[in-house]
Amino acid sequence: MPMDKTFDAAAAEARIAAAWEASDAFAAGANAKPGAPAFSVLIPPPNVTGSLHIGHALNNTLQDILVRWHRMRGFDTLWQPGQDHAGIATQMVVERKLAAEGKPARKDWDRKAFTDEIWTWKAESGGTITEQLKRLGASCDWSRNAFTMSGAPGAPAGEEGNFHDAVIRVFVDLYDKGLIYRGKRLVNWDPRFETAISDLEVENREVDGHMWHFKYPLAGGATYEYVERDADGRITLRETRDYISIATTRPETMLGDGAVAVHPSDARYAPIVGQLCEIPVGPCDQRRLIPIIIDEYPDPGFGSGAVKITGAHDFNDYGVAMRNGIPLYALMDGRARMREDGLSYAESAAIATRAARGEDVGDVSAVNLVPEDLRGLDRLDARRRVVEAITAEGLAVTVLHREIEPETGAEHLENRPLVEAKKIMQPFGDRSGVVIEPMLTDQWFVDTARIVQPAIDAVRDGRTRILPEQHEKVYFHWLENIEPWTISRQLWWGHQIPVWYGLDLHSPPGFADDEGDGALDAVELFALLAEGLVDAGERHHAAAHFADVAEAFRDDIAGLPQPLEISRIVEVADRAAAVDALAASLADYTLTQDPTHLVYPVWRDPDVLDTWFSSGLWPIGTLGWPEDTPELRKYFPTSTLVTGFDIIFFWVARMMMMQLAVVGDVPFRTVYVHGLVRDEKGAKMSKSKGNVIDPLDLIDAYGADPLRFTLTSMAAMGRDPKLGPKHVEANRNFVTKIWNATRFAEMNGVFAAPAGQPAAQPAAQPAPTHTVNRWIMGEVARARLAVDEALGAYRFNEAAAVLYGFVWGKVCDWYVEFAKPLFDGAHADETRQTMRWVIEQSVTLLHPIMPFVTEEIWALTGQRARMLVHGDWPAYGAELIDADADRQMNWVIGLIEAVRSARAQMGVPAGARLDLIVTEADDAARAALAANGALIERLARVTPPVSGAAAAGTIAVAVPGASFALPIGDVIDVAAESARLKKAADKGARDAAGLRGRLGNARFVESADPEVIEDTRAKLADLDEEIARLNAALAQLAAM
RNA sequence: GGGCGGUUAGCUCAGCGGUAGAGCACUACGUUGACAUCGUAGUGGCCACUGGUUCGAUCCCAGUACCGCCCA
């Protein structure tokens, strides 16, 4: 059955993928040799809401190459697939879906119902990317597909897994070790999703902003001499001021200022350090005063050199405030609107003023310094109002604006507020796209500084290798400057934090065991009821299960006065419910005096863990930890992680830290970092630019193999691939090329079993006698060695280039052509055997990069016991290279090319067959001519070589060891022929002069490598010979 | 501002101590036992610039310019 003219990728890929899947070809350990070492790769889990983009295509192609290569070599191979649950993204997708379906918004659902809705969505749509990866040919063990939320409470059938157990266990473990803590810190707050996010989820973008300049009057009308000097210390400005000038891009935050800071070296403000100044906003009769302090943070050269400190709304200010004991006044709510809760402005301002005078005012969370008329406003509206008010009051710094009236020529001078248009860096949520607000909230943190060192050491001492090495610097830099990691998220979709809180009854305000008798009387109980509960502090415990946490709370309350110490621990929804339940319980007791009714209510933290916290456990979590599974023992630590550089700190560093902290070992031996796929012009692909290339479109248009080959050939270490459809098309042509070479072989009976005997499957390594066959076997061996070397060094592009050059440049361009005449002669059988073997070896070597077309060719060219996915990777090497055959065939190729070139340049019609006259030849040349006459005649389109002399009407061809004359008719263009020869001779002479110069340099001969000198001498000798031949031909031409 | 890359043929990129390669594009010819998604032959490069190391630099080092990315 003849093969089709081209490979039908669309039809074949689906069929082949189904066959792989049906035979469990990708299962862990498939095709492993007995006792083989393990090779394991974890997929960087794509987002469950994700769909395949070109970055995934590159990432997974490279993983697949490594995995298929190892599997064929008989390693015990696992490629572990899965997805992460992507807290914010998934919640967003489902909220959008509900809105589209006209269903209520999330806040109108209860938590369980909403997460059920997410699970339903996941069952319907969560497998998208898996199916897309299969189209790419990814040979993951899909039966082991993992999910970072598997096994969570509420997970439906089919999502049993135990990832949840691993996550909770690690949290509790780190908590018990004191590596996780809760604290009120400034975090990045996403006002759209109303959750904290980590600094890595923030994207800083430069936007157009404004810088306002305002005057903060000194308290009590104090004045000072403000002196500015130039670089030489000469005074450029001296004036008496009663204010300090402040620049800000966010005037609305002035309401929360706690101080004004100047640099200790700044002489301009030295006279007023320690004094108080007034914030020029808020009701005039309740203006707040704040201290002028010194700190290293302000840059004296920037703006006025004085910085307002709003510790609750800016990360730099937060640092200053912490260093100097400045209170942090929160101004905004979770939606980034001006607060409406807490104390009145008057009460708040009074407290803040006391604080400014140095009094300890304690917790200021109820202090709301937003004036009543601004409460509830959006932050931008508040900004506008603040600016207007200050300007109206004349406290904006102004510049003199001069205007000439065009008609009268009259000059108008006007003071206008100084507002600079300025590019400012603004933080945006990478998911929500809204401006991130630094927000003071209670969050959970991993104390990364305490677990970071093992992760640094592991890379320093080489237990884990990062390639290309330049990325190690990024890794070290990030880890050496690591910040605490905010791991709590105010979401519903995720692993709920396993921490429960209870009211602290040990020392609630207003409660006292007055008699000190260790028991509560009615009076004391009422005091507790009336005053103690609402303001009580909290205690918390972490444990995997409520039962364990209840145990901890029981220990906790054991020290309480009786009868409270025997309260039953019960779980309630939240703090308010706990207060109610405890109050009811106490009230009941005062009536019944029955202590068995007493309860101690606790409630669970409503927040969930950052998705990356669970993704950080991907290496052990996917292998069954905390169970001690055979997979964990066999495949951990994993061999290689393939990932993009954008994720080094997001994920790689965290996995390193967490695995080392939890199981004491590195998660992977090698991290290979690839680039970011860009468009043809090198621009980052983005939806807004509209230059996104969809890998599935490319697969539809050209097939998966060409896309894979293209991405591979561009995966040069440390470089970003730039991809366009042109490249994929070129490699589709490569697929067609090898397809047609196979088709040619098939048409010539290469795959037919020799008469009377069954074909060995796969083809045995042949032992041919003909030079052509011996030569190509050496080329196959070279290709195999080069591919293994390249893949072993993660030089994917080199592997692709080697294979392209070998298959197209050697097999198709030369071997197939050489073989044509051999099919008729004495070497027909061995040529068929050799060609069959060559094609089998070619598709074997190509299979990791182009699995579909190679599998198809494999199936079409024999009765196969095993699919190519489980084919044997070859091990032969240099022993197959026959130096004589190599030399001879390269000489033949050189001759054919020289003849073709001469013919083309002299305008000989391509179809014309010329006589080939040997005017001079040494023994080697004569032998090569004799052995390969048929090939030369055919490919150079000449008659069998005969000895003779150059004559009028011949053109000359010179090769090492021989000269030829080719009669091209009665008249030749002598000028053209001599120009052609002269050009070649001149180039030769130039090159020879260079080489001679080098060899003539005594220092070169002294210091260069002997091999290099020998090579140079040989090259020069060849060149000299060629020049001599060309010159001889020129002389003859001139003589005729 | 700090860090990391890049600058090689018209374009996209390899190469990285011994005077340059591929694909695409371009030119001419061509249906020669598979392939026009092809073949043959060509055109095209002071390897950004300036110094240095070296017998020798596209390659190593330093600096300059421009471009990109990351972090402030």
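Letters go in sequence order (proteins before strands), and every chain restarts at 1. What you see is a predicted model; the values in this text were computed from it and never measured.
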Participant: Are the side chains of A:Arg465 and A:Val671 in contact, using a 4.5 Å heavy-atom criterion?
Facilitator: no

Participant: Any idea which of B:rU43, B:rC55, B:rA14 is nearest the A:Ala1008 side chain?
Facilitator: B:rC55

Participant: From the set B:rU37, B:rG23, B:rA34, return the single nucleotide nearest to any side-chain atom of A:Tyr804.
Facilitator: B:rG23

Participant: Regarding A:Lys726 and A:Glu729, does a basic nitrogen lie under 4.0 Å from an acidic carboxylate oxygen?
Facilitator: no

Participant: Quick one: label A:Arg743 by what it contacts on the DNA or RNA (base, sugar-phosphate, nothing), any heavy atom closer than 4.0 Å.
Facilitator: sugar-phosphate

Participant: Would you mind classifying the nucleic acid contact of A:Asp824 as base, sugar-phosphate or nothing, using non-hydrogen atoms under 4.0 angstrom?
Facilitator: base

Participant: Is there side-chain contact between A:Tyr297 and A:Asp317, with at least one heavy-atom pair below 4.5 Å?
Facilitator: yes

Participant: Side chains of A:Thr831 and A:Tyr815: does their closest heavy-atom pair fall under 4.5 Å?
Facilitator: yes

Participant: Taking 4.0 Å as the cut-off, does a side-chain nitrogen or oxygen of A:Lys726 come that near to OP1 or OP2 on B:rU37?
Facilitator: no

Participant: Closest to the A:Glu817 side chain: B:rA34, B:rA41, B:rG39?
Facilitator: B:rA34

Participant: Can you tell me which nucleotide in B:rU40, B:rU37, B:rG33 comes closest to the side chain of A:Arg900?
Facilitator: B:rU40

Participant: Applying a 4.0 Å non-hydrogen cut-off, can you work out what A:Ser901 is touching in the nucleic acid: base, sugar-phosphate, or nothing?
Facilitator: sugar-phosphate

Participant: With sugar-phosphate meaning primed atoms plus P, OP1 and OP2, does A:Arg938 contact a base, only sugar-phosphate, or nothing at under 4.0 Å between heavy atoms?
Facilitator: base

Participant: Does this structure show an ion pair linking A:Glu13 with A:Arg708, if we count only N-O contacts that are shorter than 4.0 Å?
Facilitator: no

Participant: Consider the side chain of A:Asp813, meaning its heavy atoms from C-beta on, and name the nucleotide among B:rU37, B:rG33, B:rU40 that approaches it most closely.
Facilitator: B:rU40

Participant: For A:Lys987, which contact category applies under a 4.0 Å heavy-atom criterion: base, sugar-phosphate, or nothing?
Facilitator: nothing

Participant: If only atom types and distance count, is the side chain of A:Asn748 paired as donor or acceptor with the main-chain N or O of A:Val750 below 3.5 Å?
Facilitator: no

Participant: Heavy-atom distance under 4.5 Å between the side chains of A:Leu935 and A:Met889, does that happen here?
Facilitator: yes

Participant: What is the nucleic acid contact for A:Gln905, judged by heavy atoms within less than 4.0 Å: base, sugar-phosphate only, or nothing?
Facilitator: sugar-phosphate

Participant: Please convert RNA chain B into dot-bracket. A pair counts if it is Watson-Crick or G-U wobble with both distances under 3.5 Å; crossing pairs go in [ ] and bases paired with another strand get |.
Facilitator: ((((((((.[[[[.)..(..]]]].(((((.......))))).....[[[[[..)....]]]]]))))))).

Participant: Starting from the 5' end of RNA chain B, give me the residue, A:Trp814 or A:Arg941, whose nearest nucleotide shows up first.
Facilitator: A:Arg941

Participant: So, is A:Lys5 near the phosphate of B:rC38, with a side-chain N or O under 4.0 Å from OP1 or OP2?
Facilitator: no

Participant: Is any side-chain N or O of A:Trp808 closer than 4.0 Å to OP1 or OP2 of B:rG39?
Facilitator: yes

Participant: May I ask you to say what A:Ala730 touches in the nucleic acid, namely base, sugar-phosphate or nothing, with a heavy-atom cut-off under 4.0 Å?
Facilitator: sugar-phosphate

Participant: Below the 4.0 Å mark, does B:rC38 have OP1 or OP2 next to a side-chain nitrogen or oxygen of A:Asn733?
Facilitator: yes

Participant: Calculate, to the nearest 0.5 Å, the distance between atoms CG and CZ belonging to A:Leu62 and A:Phe796 respectively.
Facilitator: 4.5 Å

Participant: Restricting to nitrogen or oxygen on both sides, can you table the protein-nucleotides 27-30 of chain B pairs closer than 3.5 Å?
Facilitator:
none

Participant: Indicate yes or no: does A:Arg743 engage A:Glu746 in a salt bridge with an N to O separation below 4.0 Å.
Facilitator: no

Participant: Would you say A:Ser713 reaches B:rA22's phosphate, i.e. side-chain N/O to OP1/OP2 under 4.0 Å?
Facilitator: no

Participant: Quick check: on RNA chain B, is the nucleotide nearest A:Cys812 upstream (toward 5') of the one nearest A:Asn1001, or the reverse? Name the residue that is more 5'.
Facilitator: A:Cys812

Participant: Between B:rG23, B:rC35, B:rU19, which one does the side chain of A:Arg998 approach most closely?
Facilitator: B:rU19

Participant: Any base atoms under 4.0 Å from A:Glu729, or only sugar-phosphate, or nothing? Heavy atoms, all strands.
Facilitator: nothing

Participant: Could you check whether A:Phe823 gets within reach of a base, just the sugar-phosphate, or nothing at all, counting any heavy atom under 4.0 Å?
Facilitator: nothing

Participant: Which nucleotide in the list B:rG33, B:rU37, B:rG23 gets nearest to the side chain of A:Thr736?
Facilitator: B:rU37

Participant: Between A:Glu480 and A:Lys473, does any NZ, NE, NH1 or NH2 come within less than 4.0 Å of an OD or OE carboxylate oxygen?
Facilitator: no

Participant: Report yes if at least one side-chain N or O of A:Lys820 is closer than 4.0 Å to OP1 or OP2 of B:rC35; otherwise report no.
Facilitator: no

